[in-house]
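Only heavy atoms go into these numbers, but all of them, side chains included; no hydrogens, no water, no symmetry mates.
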Amino acid sequence: AFLTNTQSTSLNLKRTLVRGNIFDNKNATVEVAIGMKRADNPIVLANNYWGTSDPFDVLARVRDGRQSMSWELAIVSPIYTDIQMTNSTDLRNHPSNYMLPNG
């Protein structure tokens, strides 16, 4: 269980993995905002459904090191292309792969 802290806490994690989620809020300009670099390790957002399979649309919904070098990078590939999370695609093979870190 998490306890209430009276001060901010920084975690120095080697790897953060967020998967199996549905990020499909059409009203949100950003679905996931990655914080400041702490451990120089990317945040893994692979195997989630984003409401689209277009890599540019997916990346536009993530605020990470692509917008500021002081923020940690996020790896979003592969992504699920259906809300049932049965079909996926690897975005690193897409022409937009220059925007995706190897992971």
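- Remark: side-chain polar atoms of E31 are paired, donor with acceptor, to backbone N or O of N25 under 3.5 angstrom.
- We find the OG1-CZ distance between T52 and R61 to be 7.5 Å, quoted to the nearest 0.5 Å.
- Judged by distance alone, with hydrogens and angles left aside, the side-chain atoms of N48 form a donor-acceptor pair with the main-chain N or O of L45 at under 3.5 Å.
- For W71 against M36, the heavy-atom pair with the smallest separation is CD1-SD, 3.6 Å.
- The two residues D90 and S77 come nearest to each other via the heavy atoms OD1-OG, 2.7 Å.
- Partners of D24 according to the salt bridge (charged side-chain N to carboxylate O under 4.0 Å, His left out) rule, which considers only residues two or more places apart in sequence or in another chain, are K26.
- No donor-acceptor pair under 3.5 Å is formed between the side chain of R63 and the backbone N or O of V32.
- For the pair N21 (side chain) and R19 (backbone), a donor-acceptor distance under 3.5 Å is present.
- In this structure, V62 and F23 have side chains that are not in contact, with every pair of non-hydrogen atoms separated by 4.5 Å or more.
- Between the side chain of R66 and the backbone N or O of A74 there is at least one donor-acceptor pair closer than 3.5 Å.
- Other residues sharing the hydrophobic cluster of I83, ordered by chain and number and joined by side-chain separations under 4.5 Å: I22, Y49, Y80, M85.
- The two residues D64 and E72 have their closest heavy-atom pair at CB-O, 3.3 Å.
- Here CD1 of I75 is found 11.5 Å from CG of N47. Values are rounded to the nearest 0.5 Å.
- The structure places OG of S88 at 8.5 Å from CD1 of I79, a figure rounded to the nearest 0.5 Å.
- No side-chain donor from either of T81 and N87 sits under 3.5 Å from a side-chain acceptor of the other.
- Residues L59 and V76 form a side-chain contact, since some pair of their non-hydrogen atoms from C-beta on lies under 4.5 Å apart.
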